[in-house]
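The first residue in the sequence is number 1, and the count goes up from there.
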Amino acid sequence: MCSLPTVETPFVPHPWLRNRHVQTIFPAYAWHGSPRPSSARRIVQVSDGDQLVLHEDETPVGDRIAVLLHGLNGSAQSPYMLRIAAKLRECGFHVVRVDLRGHGNGMALARKPGHAGRSGDVAAVLQYLSDRYPKAKFDLVGISLGGNLVLKLLGEPTDESRAARQLVRSAVVACPPIDLVASSKHMLQPQCRLYSRAFVKKLIYLLQQQSDQGEEIPLPSPLPRTVWDFDNRFTAPLSGFRDAMDYYLQSSASRVLEHVSTPTLLLASQDDPIVPAAMFQRDFPPSISLCLSKHGGHVGFYAARNGDPDRYWMDWRVVDWLSRNW
(Lines give C-alpha, C1' and ligand atoms only; values in the text may rest on other atoms or scores of the structure.)
Protein backbone atom coordinates (compact mmCIF):
# COMPACT_ATOMS: atom_id res chain seq x y z
CA MET A 1 0.00 0.00 0.00
CA CYS A 2 0.99 3.61 -0.52
CA SER A 3 1.95 5.47 2.67
CA LEU A 4 1.68 9.19 1.98
CA PRO A 5 2.65 11.97 4.39
CA THR A 6 -0.50 13.62 5.66
CA VAL A 7 0.88 17.16 5.87
CA GLU A 8 3.60 19.24 4.24
CA THR A 9 6.58 18.37 6.44
CA PRO A 10 9.50 20.80 6.89
CA PHE A 11 12.97 19.29 6.69
CA VAL A 12 14.65 18.65 10.03
CA PRO A 13 18.05 16.96 9.66
CA HIS A 14 18.93 13.81 11.52
CA PRO A 15 20.61 15.00 14.75
CA TRP A 16 23.82 13.12 13.94
CA LEU A 17 23.88 14.30 10.31
CA ARG A 18 23.54 18.07 10.43
CA ASN A 19 26.81 18.77 8.60
CA ARG A 20 26.23 19.64 4.94
CA HIS A 21 28.96 17.32 3.66
CA VAL A 22 27.64 14.39 5.69
CA GLN A 23 24.12 15.16 4.42
CA THR A 24 25.45 15.09 0.86
CA ILE A 25 27.52 11.91 1.11
CA PHE A 26 25.70 9.64 3.58
CA PRO A 27 22.36 9.22 1.71
CA ALA A 28 24.25 8.50 -1.51
CA TYR A 29 25.81 5.36 -0.03
CA ALA A 30 23.58 4.30 2.87
CA TRP A 31 21.55 1.12 2.42
CA HIS A 32 17.98 2.13 1.73
CA GLY A 33 16.36 -1.21 0.96
CA SER A 34 14.62 -0.10 -2.23
CA PRO A 35 13.69 -3.08 -4.41
CA ARG A 36 15.02 -3.44 -7.94
CA PRO A 37 12.03 -4.79 -9.85
CA SER A 38 12.36 -6.11 -13.35
CA SER A 39 12.26 -3.42 -16.01
CA ALA A 40 12.06 -3.32 -19.78
CA ARG A 41 15.00 -1.73 -21.58
CA ARG A 42 13.91 0.79 -24.22
CA ILE A 43 16.16 2.53 -26.75
CA VAL A 44 15.34 6.11 -27.74
CA GLN A 45 16.86 7.75 -30.81
CA VAL A 46 17.66 11.45 -30.47
CA SER A 47 17.96 14.02 -33.22
CA ASP A 48 21.72 13.75 -33.86
CA GLY A 49 21.74 9.96 -34.13
CA ASP A 50 22.80 9.13 -30.58
CA GLN A 51 20.64 6.91 -28.40
CA LEU A 52 19.41 6.88 -24.81
CA VAL A 53 18.31 3.97 -22.64
CA LEU A 54 15.08 3.92 -20.64
CA HIS A 55 14.29 1.49 -17.84
CA GLU A 56 10.51 1.09 -17.80
CA ASP A 57 8.56 -0.76 -15.15
CA GLU A 58 7.20 -4.12 -16.26
CA THR A 59 3.85 -3.37 -14.64
CA PRO A 60 0.45 -2.54 -16.12
CA VAL A 61 0.53 0.94 -17.62
CA GLY A 62 -2.06 3.35 -16.29
CA ASP A 63 -2.38 7.06 -16.92
CA ARG A 64 0.14 8.05 -14.24
CA ILE A 65 3.64 7.86 -15.72
CA ALA A 66 6.61 9.41 -13.91
CA VAL A 67 9.88 9.98 -15.78
CA LEU A 68 13.00 10.23 -13.59
CA LEU A 69 16.22 12.00 -14.67
CA HIS A 70 19.47 11.62 -12.73
CA GLY A 71 22.29 14.06 -12.04
CA LEU A 72 25.86 14.47 -13.31
CA ASN A 73 27.69 11.12 -13.42
CA GLY A 74 24.60 9.34 -12.11
CA SER A 75 22.45 6.73 -13.81
CA ALA A 76 19.10 5.00 -13.63
CA GLN A 77 20.65 2.85 -10.88
CA SER A 78 21.61 5.76 -8.61
CA PRO A 79 20.25 5.25 -5.07
CA TYR A 80 17.93 8.26 -5.20
CA MET A 81 16.50 7.04 -8.52
CA LEU A 82 15.72 3.60 -7.09
CA ARG A 83 14.29 5.02 -3.85
CA ILE A 84 11.97 7.51 -5.54
CA ALA A 85 10.92 4.98 -8.17
CA ALA A 86 9.98 2.45 -5.48
CA LYS A 87 7.85 4.98 -3.58
CA LEU A 88 6.09 6.22 -6.71
CA ARG A 89 5.46 2.66 -7.86
CA GLU A 90 3.87 1.85 -4.50
CA CYS A 91 1.56 4.84 -4.98
CA GLY A 92 0.32 3.70 -8.35
CA PHE A 93 2.68 5.42 -10.76
CA HIS A 94 4.21 3.68 -13.76
CA VAL A 95 7.89 4.68 -13.56
CA VAL A 96 10.46 5.22 -16.29
CA ARG A 97 14.06 5.80 -15.21
CA VAL A 98 16.28 7.42 -17.83
CA ASP A 99 19.97 6.79 -18.45
CA LEU A 100 20.91 10.17 -19.86
CA ARG A 101 23.17 10.34 -22.89
CA GLY A 102 26.46 8.53 -22.34
CA HIS A 103 25.53 7.29 -18.87
CA GLY A 104 24.62 3.91 -17.43
CA ASN A 105 23.52 1.37 -20.01
CA GLY A 106 23.61 4.07 -22.69
CA MET A 107 27.34 4.62 -22.43
CA ALA A 108 28.12 2.72 -25.64
CA LEU A 109 25.26 4.34 -27.57
CA ALA A 110 26.47 7.95 -27.54
CA ARG A 111 29.13 9.58 -29.70
CA LYS A 112 28.60 13.05 -28.21
CA PRO A 113 28.74 13.95 -24.53
CA GLY A 114 25.70 14.51 -22.40
CA HIS A 115 25.43 17.89 -20.74
CA ALA A 116 23.13 20.18 -18.76
CA GLY A 117 21.59 21.78 -21.84
CA ARG A 118 20.35 18.70 -23.70
CA SER A 119 16.66 19.36 -23.08
CA GLY A 120 16.06 18.01 -26.59
CA ASP A 121 16.96 14.56 -25.25
CA VAL A 122 14.21 14.86 -22.64
CA ALA A 123 11.79 15.97 -25.35
CA ALA A 124 12.73 12.89 -27.38
CA VAL A 125 12.02 10.64 -24.38
CA LEU A 126 8.60 12.21 -23.85
CA GLN A 127 7.71 11.92 -27.53
CA TYR A 128 8.80 8.27 -27.59
CA LEU A 129 6.67 7.46 -24.54
CA SER A 130 3.73 9.45 -25.89
CA ASP A 131 3.85 7.45 -29.11
CA ARG A 132 3.70 4.25 -27.05
CA TYR A 133 1.01 5.54 -24.69
CA PRO A 134 -0.94 8.22 -26.57
CA LYS A 135 -3.49 8.78 -23.79
CA ALA A 136 -0.94 9.28 -21.03
CA LYS A 137 0.25 12.43 -19.33
CA PHE A 138 3.66 12.56 -17.70
CA ASP A 139 5.32 13.87 -14.56
CA LEU A 140 9.00 14.79 -14.62
CA VAL A 141 11.43 14.37 -11.72
CA GLY A 142 14.88 15.87 -12.24
CA ILE A 143 17.70 15.53 -9.73
CA SER A 144 20.61 18.04 -9.80
CA LEU A 145 21.71 18.33 -13.46
CA GLY A 146 18.53 16.46 -14.41
CA GLY A 147 16.61 19.26 -12.70
CA ASN A 148 18.23 21.88 -14.91
CA LEU A 149 17.23 19.81 -17.94
CA VAL A 150 13.61 19.66 -16.76
CA LEU A 151 13.36 23.41 -16.11
CA LYS A 152 15.04 24.29 -19.39
CA LEU A 153 12.59 22.07 -21.28
CA LEU A 154 9.61 23.60 -19.48
CA GLY A 155 10.66 27.17 -20.21
CA GLU A 156 12.47 27.39 -23.53
CA PRO A 157 10.63 28.67 -26.64
CA THR A 158 11.64 26.00 -29.20
CA ASP A 159 8.93 24.12 -31.08
CA GLU A 160 10.35 20.81 -29.85
CA SER A 161 10.11 21.86 -26.20
CA ARG A 162 6.66 23.40 -26.62
CA ALA A 163 5.34 20.13 -28.03
CA ALA A 164 6.99 18.09 -25.26
CA ARG A 165 5.72 20.15 -22.37
CA GLN A 166 2.15 19.76 -23.58
CA LEU A 167 2.58 16.17 -22.40
CA VAL A 168 3.75 17.14 -18.89
CA ARG A 169 1.31 17.45 -16.02
CA SER A 170 3.72 18.46 -13.24
CA ALA A 171 7.39 18.36 -12.22
CA VAL A 172 9.73 18.20 -9.25
CA VAL A 173 13.37 19.29 -9.39
CA ALA A 174 15.89 18.87 -6.57
CA CYS A 175 19.06 20.95 -6.18
CA PRO A 176 19.17 22.03 -9.85
CA PRO A 177 22.21 24.10 -10.93
CA ILE A 178 20.02 26.65 -12.72
CA ASP A 179 22.97 29.06 -13.06
CA LEU A 180 25.78 26.92 -14.46
CA VAL A 181 28.31 29.76 -14.40
CA ALA A 182 27.77 30.32 -10.68
CA SER A 183 27.82 26.58 -9.97
CA SER A 184 31.04 25.96 -11.89
CA LYS A 185 32.79 28.95 -10.33
CA HIS A 186 31.68 27.71 -6.92
CA MET A 187 33.28 24.34 -7.67
CA LEU A 188 36.64 26.08 -8.11
CA GLN A 189 36.73 27.11 -4.45
CA PRO A 190 39.01 25.16 -2.09
CA GLN A 191 36.13 23.80 0.02
CA CYS A 192 34.68 22.17 -3.11
CA ARG A 193 37.90 20.50 -4.20
CA LEU A 194 36.82 17.04 -3.06
CA TYR A 195 33.61 17.17 -5.10
CA SER A 196 35.30 18.70 -8.14
CA ARG A 197 37.94 15.98 -8.23
CA ALA A 198 35.33 13.26 -7.83
CA PHE A 199 33.22 14.65 -10.69
CA VAL A 200 36.20 15.03 -13.01
CA LYS A 201 37.53 11.57 -12.18
CA LYS A 202 34.17 10.03 -13.07
CA LEU A 203 33.82 12.14 -16.24
CA ILE A 204 37.25 11.00 -17.43
CA TYR A 205 36.34 7.41 -16.58
CA LEU A 206 33.21 7.66 -18.73
CA LEU A 207 35.32 8.98 -21.61
CA GLN A 208 37.80 6.14 -21.26
CA GLN A 209 34.99 3.60 -21.22
CA GLN A 210 33.53 5.00 -24.42
CA SER A 211 36.97 5.00 -26.04
CA ASP A 212 37.49 1.37 -25.01
CA GLN A 213 34.20 0.51 -26.71
CA GLY A 214 35.37 1.86 -30.04
CA GLU A 215 34.11 5.44 -29.99
CA GLU A 216 36.56 7.92 -31.47
CA ILE A 217 36.57 10.34 -28.54
CA PRO A 218 39.75 12.37 -28.01
CA LEU A 219 40.85 12.12 -24.40
CA PRO A 220 42.08 15.51 -23.18
CA SER A 221 45.80 15.74 -22.43
CA PRO A 222 46.96 16.71 -19.90
CA LEU A 223 43.94 15.53 -17.99
CA PRO A 224 41.69 18.32 -16.66
CA ARG A 225 41.56 18.90 -12.93
CA THR A 226 38.36 20.93 -12.58
CA VAL A 227 34.84 20.65 -13.98
CA TRP A 228 35.27 24.02 -15.72
CA ASP A 229 38.47 22.83 -17.38
CA PHE A 230 36.82 19.57 -18.45
CA ASP A 231 33.84 21.38 -19.95
CA ASN A 232 36.08 23.96 -21.63
CA ARG A 233 38.30 21.36 -23.29
CA PHE A 234 35.83 18.56 -23.93
CA THR A 235 32.10 19.11 -23.35
CA ALA A 236 31.85 22.50 -25.03
CA PRO A 237 33.79 21.91 -28.27
CA LEU A 238 32.28 18.47 -28.89
CA SER A 239 28.80 19.87 -28.31
CA GLY A 240 29.04 22.89 -30.61
CA PHE A 241 29.80 25.59 -28.04
CA ARG A 242 32.71 28.05 -28.26
CA ASP A 243 33.94 27.32 -24.74
CA ALA A 244 32.72 26.48 -21.25
CA MET A 245 31.29 29.97 -20.69
CA ASP A 246 29.24 29.77 -23.89
CA TYR A 247 28.00 26.31 -22.89
CA TYR A 248 27.01 27.46 -19.41
CA LEU A 249 25.25 30.60 -20.56
CA GLN A 250 23.22 28.84 -23.23
CA SER A 251 22.35 25.83 -21.08
CA SER A 252 21.35 27.45 -17.78
CA ALA A 253 17.66 27.08 -16.97
CA SER A 254 17.71 30.48 -15.24
CA ARG A 255 17.45 32.09 -18.70
CA VAL A 256 13.94 30.70 -19.26
CA LEU A 257 12.42 30.23 -15.80
CA GLU A 258 9.98 33.11 -16.26
CA HIS A 259 8.29 31.15 -19.06
CA VAL A 260 7.64 28.00 -17.01
CA SER A 261 3.89 27.42 -16.65
CA THR A 262 3.88 23.76 -15.56
CA PRO A 263 3.22 23.25 -11.80
CA THR A 264 6.73 22.62 -10.48
CA LEU A 265 8.22 22.06 -7.04
CA LEU A 266 11.84 23.18 -6.63
CA LEU A 267 13.67 21.68 -3.64
CA ALA A 268 17.00 23.14 -2.54
CA SER A 269 19.03 23.72 0.59
CA GLN A 270 20.88 26.75 1.90
CA ASP A 271 23.90 24.66 2.88
CA ASP A 272 24.31 22.83 -0.45
CA PRO A 273 28.10 22.46 -0.93
CA ILE A 274 27.80 22.03 -4.71
CA VAL A 275 24.94 24.28 -5.89
CA PRO A 276 25.14 27.68 -4.12
CA ALA A 277 21.80 28.76 -2.65
CA ALA A 278 22.32 32.35 -3.78
CA MET A 279 21.08 31.43 -7.27
CA PHE A 280 17.62 30.79 -5.81
CA GLN A 281 17.35 34.31 -4.40
CA ARG A 282 15.33 35.56 -7.32
CA ASP A 283 11.75 35.94 -8.46
CA PHE A 284 10.08 32.76 -9.66
CA PRO A 285 6.88 32.55 -11.69
CA PRO A 286 3.71 31.46 -9.82
CA SER A 287 4.00 27.99 -11.37
CA ILE A 288 7.23 27.26 -9.44
CA SER A 289 6.98 26.58 -5.70
CA LEU A 290 10.38 27.03 -4.05
CA CYS A 291 11.15 25.01 -0.93
CA LEU A 292 14.54 26.21 0.34
CA SER A 293 15.47 24.44 3.56
CA LYS A 294 18.19 25.56 5.96
CA HIS A 295 19.90 22.15 5.87
CA GLY A 296 20.01 19.19 3.52
CA GLY A 297 23.30 19.35 1.62
CA HIS A 298 23.23 18.38 -2.05
CA VAL A 299 20.47 15.84 -2.80
CA GLY A 300 20.78 14.62 0.78
CA PHE A 301 17.84 15.61 3.00
CA TYR A 302 18.26 12.71 5.45
CA ALA A 303 15.78 13.64 8.15
CA ALA A 304 14.95 13.12 11.77
CA ARG A 305 11.76 11.16 12.36
CA ASN A 306 9.17 13.79 11.50
CA GLY A 307 6.00 12.21 10.15
CA ASP A 308 7.25 10.71 6.90
CA PRO A 309 7.28 6.90 6.52
CA ASP A 310 11.10 6.92 6.38
CA ARG A 311 13.96 9.40 6.72
CA TYR A 312 14.36 10.24 3.01
CA TRP A 313 12.55 13.59 3.12
CA MET A 314 13.23 14.51 -0.53
CA ASP A 315 11.59 11.33 -1.80
CA TRP A 316 8.35 12.01 0.05
CA ARG A 317 8.14 15.60 -1.21
CA VAL A 318 8.32 14.16 -4.74
CA VAL A 319 5.57 11.62 -4.03
CA ASP A 320 3.39 14.19 -2.27
CA TRP A 321 3.69 16.82 -5.03
CA LEU A 322 3.03 14.45 -7.91
CA SER A 323 0.11 12.82 -6.10
CA ARG A 324 -1.46 16.21 -5.37
CA ASN A 325 -1.34 17.15 -9.04
CA TRP A 326 -3.36 14.11 -10.17
Side-chain angles (χ1 to χ4, degrees), residues 4-5 7-11 63-69 71 84 88 91 93 96 98 116-127 129-130 136-180 182-183 250-270 272 275-293 296 299 301 313-326:
L4 278 177
V7 295
E8 185 66 34
T9 309
F11 176 69
D63 58 355
R64 297 164 35 137
I65 301 179
V67 180
L68 278 54
L69 308 170
I84 294 171
L88 288 171
C91 291
F93 286 85
V96 178
V98 181
R118 291 202 183 276
S119 49
D121 289 3
V122 185
V125 168
L126 290 171
Q127 188 58 58
L129 291 171
S130 180
K137 283 280 188 176
F138 303 92
D139 295 292
L140 293 177
V141 179
I143 307 299
S144 194
L145 180 142
N148 186 79
L149 286 170
V150 168
L151 291 171
K152 183 172 180 287
L153 174 81
L154 296 179
E156 63 190 353
T158 66
D159 291 341
E160 182 182 42
S161 290
R162 285 195 188 98
R165 62 177 167 264
Q166 294 302 313
L167 305 171
V168 180
R169 188 184 299 270
S170 67
V172 181
V173 294
C175 304
I178 60 174
D179 183 338
L180 294 167
S183 290
Q250 290 196 48
S251 302
S252 293
S254 58
R255 298 172 56 248
V256 298
L257 285 180
E258 64 189 59
H259 302 297
V260 174
S261 60
T262 303
T264 301
L265 175 64
L266 195 164
L267 302 171
S269 70
Q270 296 179 30
D272 191 323
V275 176
M279 70 177 63
F280 303 114
Q281 296 173 359
R282 54 172 295 142
D283 292 331
F284 288 93
S287 60
I288 297 179
S289 299
L290 174 65
C291 180
L292 184 62
S293 67
V299 195
F301 301 109
W313 179 89
M314 177 182 72
D315 304 8
W316 291 110
R317 302 291 75 72
V318 172
V319 173
D320 181 47
W321 182 265
L322 298 192
S323 298
R324 286 184 188 184
N325 282 282
W326 277 93

Any side-chain heavy atom of [X] within less than 4.5 Å of one from [Y]?
X	Y	result
F11	C291	no
W321	D139	no
I178	F280	yes
P157	H259	no
P263	R324	no
M314	V299	yes
S119	E156	yes
V275	P176	no

Atom pair [atom1]/[atom2] of [X] and [Y] - distance to nearest 0.5 Å:
X	Y	atom1	atom2	answer
N148	L69	CG	CG	11.5 Å
Q281	L292	CD	CG	7.5 Å
D315	I84	CG	CD1	4.5 Å
D283	E258	CG	CD	10.5 Å
S144	D272	OG	CG	7.5 Å
T158	R165	OG1	CZ	7.0 Å

**Item:** Over all atoms of both residues, closest heavy-atom pair of S170 and V168
**Value:** O-CG1, 3.5 Å
**Request:** For A277 and S269, work out which heavy atoms get closest and say how close.
**Result:** CB-O, 3.7 Å
**Item:** Distance-only side-chain donor-acceptor flag, D179 / S252, under 3.5 Å
**Value:**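 Short answer, no.
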**Item:** Given L154, V150, N325, the one that forms side-chain contact (heavy atoms from CB on, under 4.5 Å) with T262
**Value:**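 So, applying the side-chain contact (heavy atoms from CB on, under 4.5 Å) to T262 and each of L154, V150, N325, only L154 qualifies.
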**Asked** Just one of V96, L88, V98 clears the side-chain contact (heavy atoms from CB on, under 4.5 Å) bar with L68, so which one?
**Response**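 Testing L68 for a side-chain contact (heavy atoms from CB on, under 4.5 Å) against V96, L88, V98 leaves exactly one candidate, L88.
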**Request:** For side-chain contact (heavy atoms from CB on, under 4.5 Å), just list the numbers for W313 and L267, CA-CA rounded to whole Å, side-chain angles, deciding distance to a tenth of an Å, and then say yes or no.
**Result:** CA-CA 11 Å; W313 179 89; L267 302 171; 4.0 Å; yes
Are the side chain of [X] and the backbone N or O of [Y] linked by a donor-acceptor pair below 3.5 Å?
X	Y	value
K152	S254	no
S130	L126	no
S287	V260	yes
R118	L149	no

**Prompt:** Step by step, would you call V256 with L151 a side-chain contact (heavy atoms from CB on, under 4.5 Å)?
**Reply:** CA-CA 8 Å; V256 298; L151 291 171; over 6 Å; no
